[in-house]
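Inspection log for the structure reproduced underneath, given as structure tokens.
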Amino acid sequence: MEHGEGFGRRLLVSVDAKSYGRGDDQRQVAIQDGLLKVLDEAAAGARLSRAGWIRQGAGDGELAVLPEGESEPRVVDDFVRELHAALTRHNHDRTDEAWLRLRMAVHFGVAMPASNGFSGQGIVAVSRLVDSRPLRAALAATGGPLAVVLSGRVYDETVVQRHTSLAAADFRKVPVRNKEFVESAWIRVPGADVHAHDLGLDVQDDGGAQNGRDTGGDTAGEGGAGSEGGAGSGRVPSPAPGVQNQFHGTVHAHGATFGNSFR
């Protein structure tokens with residue numbers, strides 16, 4: 001393949017089912033059937049054509065490369081709303097253990113045809129996002145059927161710029177560290193307040209977001225989303241060096257210096 005051949009940026013959607021590996025054979029069949037059913041229903045309800053999506057199945061999930069011209073705001077807004085509704089219908093009258101619960105990631109990036117599917121950093125990014133610890137924690141903590149994560153670019157260009165009906169305050173900024181992938185992303189759980197739940201995050205972004213709520217700063221931090229060492233990168237600053245002295249009993253220390261002495 002010549003340089004540049006096959007290069008292109010596309011809207012990417014990755015979906016993964018929770019607890020697939022824990023089910024027996026029949027449960028896994030039911031998850032796969034239910035997964036395709038709710039995705040098809042959601043696309044139809046959002047007026048999207050899944051027939052034109054290039055889909056790569058993985059049993060408990062799906063990676064989709066959407067064609068040029070597919071509406072990004074409609075995927076972020078309508079498709080997610082319809083998917084949540086389809087999951088709610090699907091899970092009706094089912095026990096909690098039989099619920100179909102999904103994680104979904106949306107990203108816009110490089111996707112190139114390859115001998116075993118697709119390659120490109122966009123494919124890597126959306127795959128890391130859907131498998132990220134914060135998204136898994138959000139789905140588990142809220143108890144809902146769906147948790148969604150948007151990459152910084154998708155969030156900035158669709159939600160922040162008001163190309164959807166979604167409120168920016170409904171999203172929570174989280175640091176995502178998954179293998180070589182280190183960036184900030186935005187999580188939303190339809191029907192739940194994602195800010196009210198402990199996602200096991202001990203990081204406070206200093207790029208305008210505190211405890212995951214945007215306070216008016218640059219959503220990606222200085223240097224862009226996930227810039228290493230920059231604001232919004234999710235890195236925890238190292239504590240300042242210090243000395244701690246502990247004494248037990250009577251201490252006679254005439255003329256002594258406790259702590260550091262510089263001469």
Side-chain angles (χ1 to χ4, degrees), residues 4-18 35-36 38-40 42-44 46-84 102-136 138-139 146-161 163-164 166 171 173-174 176-188 190 219-220 224-226:
E5 185 178 350
F7 178 89
R9 291 187 175 90
R10 298 290 184 88
L11 188 63
L12 308 170
V13 176
S14 183
V15 179
D16 198 55
K18 181 180 184 295
L35 174 66
L36 294 180
V38 298
L39 290 175
D40 287 343
R47 295 177 292 120
L48 298 169
S49 177
R50 271 185 41 93
W53 297 11
I54 302 175
R55 296 179 283 168
Q56 186 172 305
D60 61 343
E62 178 182 285
L63 169 65
V65 179
L66 277 58
E68 295 181 8
E70 197 76 288
S71 172
E72 186 172 336
R74 194 178 296 171
V75 171
V76 171
D77 192 346
D78 299 32
F79 181 67
V80 171
R81 181 172 57 254
E82 294 292 338
L83 182 57
H84 181 259
L102 302 179
R103 302 186 309 275
M104 173 180 166
V106 184
H107 178 57
F108 186 86
V110 175
M112 303 186 301
S115 56
N116 193 32
F118 279 86
S119 65
Q121 292 306 304
I123 300 294
V124 173
V126 77
S127 300
R128 298 294 184 253
L129 286 170
V130 79
D131 192 43
S132 64
R133 185 175 66 177
L135 188 62
R136 289 177 177 273
L139 185 63
L146 179 65
V148 180
V149 61
L150 307 182
S151 66
R153 177 176 182 178
V154 171
Y155 171 79
D156 286 343
E157 295 181 355
T158 61
V159 178
V160 174
Q161 297 303 319
H163 293 294
T164 71
L166 304 173
F171 288 81
K173 187 179 184 181
V174 297
V176 175
R177 300 182 185 86
N178 192 343
K179 298 182 180 179
E180 74 291 337
F181 183 84
V182 181
E183 286 200 20
S184 293
W186 296 84
I187 288 179
R188 172 176 170 255
T219 58

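Throughout, numbering of the chain's residues begins at 1 and tracks the sequence.
- Ala42 meets the side chain to side chain contact (heavy atoms under 4.5 Å, CB included) test with Phe79, Glu82, Leu83; sequence neighbours excluded.
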- Task: Test side-chain contact (heavy atoms from CB on, under 4.5 Å) on Arg50 and Arg55 and set out the steps.
- Result: CA-CA 9 Å; Arg50 271 185 41 93; Arg55 296 179 283 168; 2.3 Å; yes

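- Interatomic distance, Asp60 CG to Lys18 NZ, rounded to the nearest 0.5 Å: 12.5 Å.
- Residues Thr164 and Val76 approach most closely at CG2-CG1, 4.4 Å, considering heavy atoms.
- The closest side-chain heavy-atom distance from Asp131 to Arg103 is below 4.5 Å.
- Val75 has its side chain out of reach of Val154: every pair of non-hydrogen atoms, C-beta onward, lies at least 4.5 Å apart.
- Electrostatic pairing of Glu70 and Arg10 does not count as a salt bridge here, judged by no charged N lying under 4.0 Å from a carboxylate O.
- Across every non-hydrogen atom of His107 and Ser151, the tightest pair is ND1-OG, 2.9 Å.
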- Query: What's the verdict on side-chain contact (heavy atoms from CB on, under 4.5 Å) for Val159 and Phe171, showing C-alpha distance, side-chain angles and the deciding distance?
  - Reply: CA-CA 9 Å; Val159 178; Phe171 288 81; 3.9 Å; yes

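- The shortest non-hydrogen separation linking Pro67 to Trp53 is CD-CD1, 3.7 Å.
- Residues Val15 and Val130 have side chains not in contact (no heavy-atom distance under 4.5 Å, counting atoms from C-beta outward).
- Taking the side chain as every heavy atom from C-beta outward, Glu62 and Leu36 approach each other to under 4.5 Å.
- Nearest heavy atom pair, residue Asp156 against residue Gln161, reads O-CG, 3.3 Å.
- Taken to the nearest 0.5 Å, the CG atom of Asn116 stands 7.0 Å off from the CD atom of Gln56.
- To the nearest 0.5 angstrom, His163 atom NE2 is 10.5 Å from Ser71 atom OG.
- At a threshold of 4.5 Å between non-hydrogen side-chain atoms, the residues Leu102 and Asp16 do not count as touching.
- Rounded to the nearest 0.5 angstrom, Arg128 CZ and Glu183 CD are separated by 12.5 Å.
- Nearest heavy atoms, Val38 versus Leu35: CG2-O, 3.3 Å.
- Within the 4.5 Å cutoff, no side-chain heavy atoms of Phe118 are placed close to those of Leu12.
- Residues Asn178 and Arg133 fail the side-chain proximity criterion, which asks for heavy atoms closer than 4.5 Å.
- Taking 4.5 Å as the limit, every side-chain heavy atom of Leu129 sits out of range of all side-chain heavy atoms of Leu135.
- The structure places CG of Leu66 at 9.5 Å from CD1 of Ile54, a figure rounded to the nearest 0.5 Å.
- To the nearest 0.5 Å, atom CD of residue Gln121 and atom CD of residue Glu180 are 7.5 Å apart.
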